[in-house]
Amino acid sequence: MAMFLDHLARIIFPDLYILKVIGRLAFILYAFLLVEGFIHTRNKGKYLFRLLIFAIFSEIPYDWAFSNSLYDPFRQNVFFTLSAGLISLCIIDSKKISSDVKILLIACLVTASNLFYFDYLYLGVLQVICFYVFRSNKLKQFLTVGILNVFYMFRISTQAAAILGFVPIYLYNGERGKKTELLYYIFYPAHLLIYWIVNRCFME
């Protein structure tokens with residue numbers, strides 16, 4: 001819902017500031033749920049494959065919605081960010097990679113997220129990492145992710161509102177819900193395509 005409202009404001013109703021504030025909760029929840037998915041999935045390779053498929057599948061609707069063009073080299077959708085985050089977790093969890101190489105590889109992923117303009121840039125990947133590294137300590141999660149979001153205010157003024165996402169995260173009971181992630185994956189490009197059509201046909 002937060003993502004839906006955020007995109008509604010950014011694409012169709014840019015003056016509705018409150019929707020942009022609510023929308024800041026979206027990615028912090030995505031990052032947290034990605035870590036939960038990583039911990040509980042039986043096949044990390046298939047998990048990453050799904051993210052990459054939807055990253056490619058969502059790119060044209062994403063560029064249409066936000067840039068009104070078939071391809072915008074300065075915008076890449078959030079599935080690329082989540083994929084980079086998941087790869088970072090695989091690197092951290094690997095028993096075959098030394099600590100020094102892990103740091104180097106993750107630094108490369110964070111840099112790539114900036115160079116290729118993944119949604120949320122470095123913030124996206126680092127949030128995922130912090131949620132995973134400090135998964136057994138909610139206070140450390142709050143401090144590290146909170147600092148990242150406040151710092152990101154220099155880029156997006158409303159980003160500090162993302163820390164409100166810790167309320168549902170704190171209330172999370174750790175149990176796996178209904179398996180509906182595929183529905184959410186499909187919803188992402190579908191709602192962007194609808195917003196683009198509405199904006200192009202009725203708002204211009």
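- Between Y188 and F54, the distance separating the two ring centers is not shorter than 6.0 angstrom.
- Shortest non-hydrogen contact noted between L51 and S83 is CB-OG, 3.4 Å.
- Not one N or O on the side chain of T41 forms a donor-acceptor pair closer than 3.5 Å with the backbone of F38.
- By the side-chain hydrogen bond (donor to acceptor under 3.5 Å, both in side chains) test, Q159 pairs with R24, N149, sequence neighbours left out.
- In this structure, C90 and Y47 have side chains that are not in contact, with every pair of non-hydrogen atoms separated by 4.5 Å or more.
- Note that CG of L19 is 8.5 Å distant from CG of D6, once rounded to the nearest 0.5 Å.
- With sequence neighbours excluded, no residue satisfies ring pair (Phe, Tyr, Trp, His ring centres under 6.0 Å) with Y170.
- Considering all non-hydrogen atoms of both residues, L192 and A65 come closest at O-CB, 3.7 Å.
- Cluster membership for L104 and I92, using ILVMFWY side-chain heavy atoms within less than 4.5 angstrom, is not shared.
- By the criterion of side-chain heavy atoms lying less than 4.5 angstrom apart, applied directly or through intervening Ile, Leu, Val, Met, Phe, Trp or Tyr residues, V145 is grouped together with V35 in one hydrophobic cluster.
- Proximity of I186 to L182: side-chain heavy atoms (C-beta onward) are separated by under 4.5 Å at one or more points.
- A side-chain donor-acceptor contact under 3.5 Å links D63 to the backbone of D72.
- Interatomic distance, R50 CZ to L52 CG, rounded to the nearest 0.5 Å: 11.0 Å.
- Here the side chain of K102 pairs a donor or acceptor atom with the backbone of S94 at under 3.5 angstrom.
- The CD1 atom of I106 lies 9.5 Å from the CG atom of L126; values are rounded to the nearest 0.5 Å.
- Aromatic ring centroids of F32 and Y172 lie under 6.0 Å apart.
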How far apart are the C-alpha atoms of I87 and L48, what are their side-chain angles, what is the distance that settles it, and do they pass the side chain to side chain contact (heavy atoms under 4.5 Å, CB included) test?
CA-CA 8 Å; I87 293 171; L48 177 59; 3.9 Å; yes
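- Between F151 and F154, the two ring planes are perpendicular [angle over 60°; tilted spans 30° to 60°].
- Residues A84 and V125 approach most closely at CB-CG2, 3.8 Å, considering heavy atoms.
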Between M3 and V78, does a side chain to side chain contact (heavy atoms under 4.5 Å, CB included) hold up when you go through it step by step?
CA-CA 11 Å; M3 177 194 67; V78 76; 5.7 Å; no
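- Cluster membership check: Y62 shares its hydrophobic cluster with F187, using side-chain heavy-atom separations under 4.5 Å among Ile, Leu, Val, Met, Phe, Trp and Tyr.
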Evaluate I56 against F79 for side chain to side chain contact (heavy atoms under 4.5 Å, CB included), listing each step before the verdict.
CA-CA 8 Å; I56 296 168; F79 276 111; over 6 Å; no
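- Looking at every heavy atom in both residues, V198 comes nearest to I12 through CG1-CD1, 3.8 Å.
- For Y117, the ring pair (Phe, Tyr, Trp, His ring centres under 6.0 Å) partners are F74, not counting sequence neighbours.
- Between atom NE2 of residue H191 and atom CD1 of residue I11 there is a gap of 6.0 Å, rounded to the nearest 0.5 Å.
- F80 shares a hydrophobic cluster with L115, F116, F118; the chain of contacts runs through ILVMFWY side chains whose heavy atoms sit under 4.5 Å apart.
- No donor-acceptor pair under 3.5 Å is formed between the side chain of N114 and the backbone N or O of L121.
- Nearest approach of G165 to I28, heavy atoms of both residues: CA-CG2, 3.9 Å.
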Test side chain to side chain contact (heavy atoms under 4.5 Å, CB included) applied to S58 and Y185, step by step:
CA-CA 9 Å; S58 301; Y185 289 176; over 6 Å; no
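- More than 12 heavy atoms of other shown residues, nucleotides or ligands fall within 6.0 angstrom of atom CZ in F134.
- Scanning both residues, V128 and A31, for their nearest heavy atoms gives CG2-CB, 3.8 Å.
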Audit row: Y30, F131, ring-ring contact (aromatic ring centres under 6.0 Å, His included) steps and yes/no:
CA-CA 11 Å; Y30 278 162; F131 272 124; over 10 Å; no
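- By the 4.5 Å heavy-atom criterion applied to side chains, I39 and Y132 are counted as neighbours.
- Between Y195 and the options F66, F13, F4, a ring pair (Phe, Tyr, Trp, His ring centres under 6.0 Å) holds for only F4.
- Interatomic distance, E59 CD to Q76 CD, rounded to the nearest 0.5 Å: 4.5 Å.
- Cluster annotation: L164 is not connected to I22 through the hydrophobic network of ILVMFWY side chains, with a link wherever side-chain heavy atoms come within less than 4.5 Å.
- Note that the CD1 atom of I169 and the CG atom of L33 stand 7.5 Å from one another [nearest 0.5 Å].
- In this structure, F49 places its CZ atom where only 12 or fewer heavy-atom neighbours from other residues, nucleotides or ligands lie under 6.0 Å away.
- A donor-acceptor pair is defined here as one N or O able to donate and one able to accept, closer than 3.5 Å; no such pair exists between the side chain of K140 and the backbone of C130.
- I103 and I91 are assigned to two separate hydrophobic clusters, defined by single-linkage of ILVMFWY side chains at heavy-atom distances under 4.5 Å.
- In the hydrophobic clustering (ILVMFWY side chains linked at under 4.5 Å, chained through shared members), L193 is joined by I60, W64, L70, W196, I197.
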Trace of the ring-ring contact (aromatic ring centres under 6.0 Å, His included) decision for Y122 with Y152:
CA-CA 9 Å; Y122 66 88; Y152 204 71; 5.6 Å; yes
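- For the ring pair (Phe, Tyr, Trp, His ring centres under 6.0 Å) test, residues two or more places apart in sequence or in another chain that qualify with F27 are Y120.
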